[in-house]
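Treat the numbers as computed from the prediction; the structure is a model and nothing was measured. All chains are named by letter (A, B, ...) in the order of the sequence lines, taking the proteins before the strands, and each is independently numbered beginning at 1.
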Amino acid sequence: MQRILITSAIPYINGIKHLGNLVGSQLPADLYARYMRARGHEVMFICGTDEHGTPAELAAAAAGIPVAQYCADMWAKQKRLSDRFQLSFDKFGRSSSPQNHRLTQYFAERLAENGLIEEVVESQLYSKADGRFLPDRYVEGTCPDCGYDRARGDQCENCTRQLDPTDLIEPRSAISGSTDLEIRETRHLYLRQSALRERLEEWIASKDDWPILTTSIARKWLHDGDGLRDRGITRDLEWGVPVRRGERPWPGMEGKVFYVWFDAPIEYIAATKEWADGEGLEDAAWRSWWRTDEGASDVRYVQFMGKDNVPFHTLSFPATIIGSGEPWKLVDYIKSFNYLNYDGGQFSTSLGRGIFMDQALDILPADYWRWWLLSHAPENSDSEFTWENFQVSVNKDLADILGNFVSRVTKFCRSKFGEAVPGGGEPEDRERALIAELETRVAAYQRHLEAIEIRKAANELRAIWAGGNEYLQDAAPWSVFRERPERAAAIIRFSLNLIRLYAVLSAPFIPDTATKMMKAMRAEDGLWPKDIAAALASLPPGRSFTVPDNLFSKISDAERESWQKRFAGGRE
RNA sequence: GGGCCUGUAGCUCAAUCGGUCAGAGCAGAGCGCUCAUAACGCUUUGGUUGGGGGUUCGAGUCCCUCCGGGCCUACCA
């Protein structure tokens, strides 16, 4: 048995996440967590919300409620949706938690003591009307190059030129439109990542088994220009972790908070403490996952994230960990994902284009989405959701291959032998052949899941399901029954056992359906099969079962078309 | 501008270190079956691997170049 620590990138607090966000980190992380638990490993699976920063403050202001209240409400919504998607987090924490405040301040203190924090006075645009400093992209104006009048302070979207806010002609606040802007000096803390460059480079170089997407992004940042740059880790905001040096105030930093990207990854650790506190456990319980000197030396730590998160997880967060000078656990493997696009374009939260987690569950149960998203996970390049593709996958894989197999076996048994596992007959060559095939396939399935090759695992699982139909077609119990009813009984007993086996193997992908299948078979033993032959003899003759309702409904053309229209843009 | 990823059958994707005839699923065609959600099974059509050039006994894979798609580029997160 191994101890496996799994974190999914924590979604930003604003709004309901779309399916692209879901498949980019939380869902594959859940698949891996469920699989590893099923194999008997001890798993700690952590996620939460990333609550700080300018967008949260603005959204709360727009909604006319205090930002703390706004975040609490949004956290509850996101938590509820995670639960409904069966994301099996051990803790869905909050980066605004007191635990994270203390840990963030603690790490900052450690970094300062190790000479890795520098105070820098910089000039930034300040908006008097908004009463806040404006990040570059919150400044709008006319592009000096192309004359586009809605260029942002970081880049002109029209001509793609990189800009400085001061380049803009007639700059204005993107928040209020106010042109009453001035340049003010402000003092900030910088993390001296440049001082850690060699250690980070060496560490990244040692990770030769990481996805190329992960390491290439890290290397780019390490080598770009003069190499890894120092990074500001504080902001002039109200909402966030107040800048303190551990327990003590930090002179000159009054009224400032840490930058979200400094405190958000620390929340992985803090959420584990939130879990321990919630369970009434001692600190040793969470520290044994994170401190290699307190029990975490045997922990394997795997992170899941979208590609936009990679620099922070390969460089900034490790810089915090390494720079602390303490034996905190560094990540062992980073699985990163490309983007899922929606029907020829990007998912867009602002335009309401695409499908959001709440809407998805309004029209179909979680397993439909889990199966499609995981079997099409954007592992090697951006991938695309289309309704046609979704319809085909659901109807073919779930309804025809798996659902129909369960249906034909249970209904045939009910009509010929009644609703109990029939006795009589013995396994013959046909059964032994399927067992041999399954041994090969299950081994491949396990290999793919262990390597976090999600689409390959899904393909293998589909082939395992299809094997049941091939077997049944070939064994043809409906013909055999007339002459040799005991042989038909053996075939059906074997097939009922296949249903149970499929439930166990499929549970990481489609947990709700797996539970239905187990219940229908009245099977309690959900342990991962060690021996396929034994697993296929586990339902004893005489054990009653129920014929379940169809496991999956097909998506009709009419439904597909109406959903296609409904989600084309303009979220209601 | 710079960096990275990507282009394989109508569609979605495979193909270890460069090594048999580039493979699956879906869609299409044909046959079979009748237990089942008009479901299942078997057979089968379909590819100048984006274009061009090069290295090699051998290239989807390596190199150059052109064309297309995407991402990142450090003060959104």
Side-chain angles (χ1 to χ4, degrees), chain A residues 9-14 50-56 58 122 124-125 133-139 152-155 160-162 164-165 174 188 193 211-213 215-217 219-221 223-225 228-232 235-236 259-261 264 306-312 315-316 338-339 341 346 375-376 378-384 386 388-389 391-393 395-401 403-416 453 455-456 458-459 462-463 466 468-479 481 488 491-492 495 547 549-554:
Chain A
I10 59 176
Y12 196 66
I13 189 69
N14 278 19
D50 174 16
E51 305 195 359
H52 300 135
T54 309
L58 295 179
E122 52 187 31
Q124 264 188 24
L125 230 41
F133 282 94
L134 297 176
D136 289 358
R137 70 168 53 198
Y138 283 94
V139 184
R152 285 192 325 215
D154 55 343
Q155 189 180 37
T160 73
R161 185 184 146 174
Q162 304 273 321
D164 217 49
H188 281 296
Q193 299 187 134
I212 188 144
L213 181 66
T215 49
S216 65
I217 293 174
R219 271 197 285 268
K220 158 72 172 161
W221 282 52
H223 299 139
D224 191 40
L228 188 61
R229 288 176 235 168
D230 296 339
R231 187 158 191 134
R235 291 291 183 271
D236 289 293
Y259 176 41
V260 275
W261 267 117
K307 57 184 166 184
D308 52 330
N309 275 254
V310 168
F312 304 100
L315 302 167
S316 312
N338 287 283
Y339 291 146
N341 289 320
Q346 295 196 343
S375 60
H376 294 78
E379 290 176 292
N380 297 324
S381 60
D382 290 356
S383 66
E384 175 157 318
T386 64
E388 288 81 1
N389 193 309
Q391 180 189 24
V392 165
S393 278
N395 291 358
K396 207 69 207 171
D397 300 344
L398 296 181
D400 292 349
I401 306 281
N404 184 51
F405 177 75
V406 171
S407 180
R408 66 197 295 205
V409 169
T410 51
K411 286 175 185 169
F412 180 80
C413 186
R414 180 173 60 187
S415 75
K416 304 297 184 204
E453 298 257 29
R455 279 185 309 201
K456 286 181 184 172
N459 270 328
R462 194 206 291 114
N469 283 313
E470 288 163 27
Y471 162 74
L472 209 57
Q473 197 66 31
D474 192 40
W478 47 88
S479 310
F481 182 76
I491 293 167
I492 286 302
S495 299
V547 176
D549 292 337
N550 285 343
L551 296 178
F552 300 97
S553 310
K554 292 200 191 195

*Heavy atoms under 4.0 Å, any strand shown: does A:Asn338 hit a base, just sugar-phosphate, or nothing?*
nothing

*Is the shortest side-chain N/O distance from A:Lys307 to OP1 or OP2 of B:G70 below 4.0 Å?*
no

*Per the atom types in the model, does the base of B:C42 pair as donor or acceptor with the side chain of A:Glu470 at under 3.5 Å?*
no

*Just call it for A:Asn389: base, sugar-phosphate, or nothing, with non-hydrogen atoms closer than 4.0 Å on any strand.*
sugar-phosphate

*Could you measure between the two P atoms, the one in B:C71 and the one in B:G10, and give it in whole Å?*
26 Å

_side chain to side chain contact (heavy atoms under 4.5 Å, CB included) assessment of A:Asn469 paired with A:Ile401_ = CA-CA 7 Å; A:Asn469 283 313; A:Ile401 306 281; 4.1 Å; yes

_For a 4.5 angstrom cut-off between non-hydrogen side-chain atoms, does A:Asp308 reach A:Tyr339?_
yes

*asked:* Taking B:G46 as the reference, what is the distance to B:C11 when you measure between their C1' atoms (whole Å, please)?
replied: 13 Å

*What integer number of Å spans the P atoms of B:C42 and B:C4?*
45 Å

*Run through A:Lys416, A:Arg414, A:Arg408 and flag the one making a side chain to side chain contact (heavy atoms under 4.5 Å, CB included) with A:Phe412.*
A:Lys416

*asked:* At 4.0 Å (heavy atoms only), tell me whether A:Pro477 reaches a base, stays on the sugar-phosphate, or touches nothing.
replied: nothing

*Please work out if A:Arg219 contacts a base, only the sugar-phosphate, or nothing of the nucleic acid, heavy-atom cut-off 4.0 Å.*
nothing

*Using the C1' atoms only, state how far B:U8 lies from B:U61, rounded to an integer number of Å.*
12 Å

*Check: A:Asn404 side chain, B:A39 base, donor-acceptor under 3.5 Å*: no

*Select base, sugar-phosphate, or nothing to describe what A:Leu551 touches, counting heavy atoms under 4.0 Å on all strands.*
base

*Please state the P separation for the pair B:G28 and B:G69 - nearest whole angstrom.*
31 Å

*Given the P atoms of B:G25 and B:A14, what is the spacing between them in whole Å?*
16 Å

_Derivation and outcome, side chain to side chain contact (heavy atoms under 4.5 Å, CB included), residues A:Trp478 and A:Leu472_ = CA-CA 10 Å; A:Trp478 47 88; A:Leu472 209 57; 4.1 Å; yes

*Is A:Phe481 touching bases, backbone alone, or none of the nucleic acid, heavy atoms closer than 4.0 Å?*
nothing

_Heavy atoms from C-beta onward define the side chain here; which of B:C40, B:C75, B:A14 lies closest to that of A:Asn380?_
B:A14

*So which nucleotide from B:C26, B:G41, B:C71 ends up closest to the side chain of A:Asn469?*
B:G41

*Name the nucleic acid region contacted by A:Phe405, choosing base, sugar-phosphate or nothing; use a 4.0 angstrom heavy-atom cut-off, strictly under.*
nothing

*What distance, rounded to whole Å, do you find between the two C1' atoms, one in B:U16 and one in B:U12?*
23 Å

*Syn or anti: how is B:C40 classified when any glycosidic angle within 90° of 0 counts as syn?*
anti

*asked:* Give me the distance, rounded to whole Å, that separates B:U49 from B:U44 when you measure between the P atoms they each carry.
replied: 23 Å

*Would you kindly check whether a donor in the side chain of A:Trp261 faces an acceptor in the base of B:A77, or vice versa, at under 3.5 angstrom?*
yes

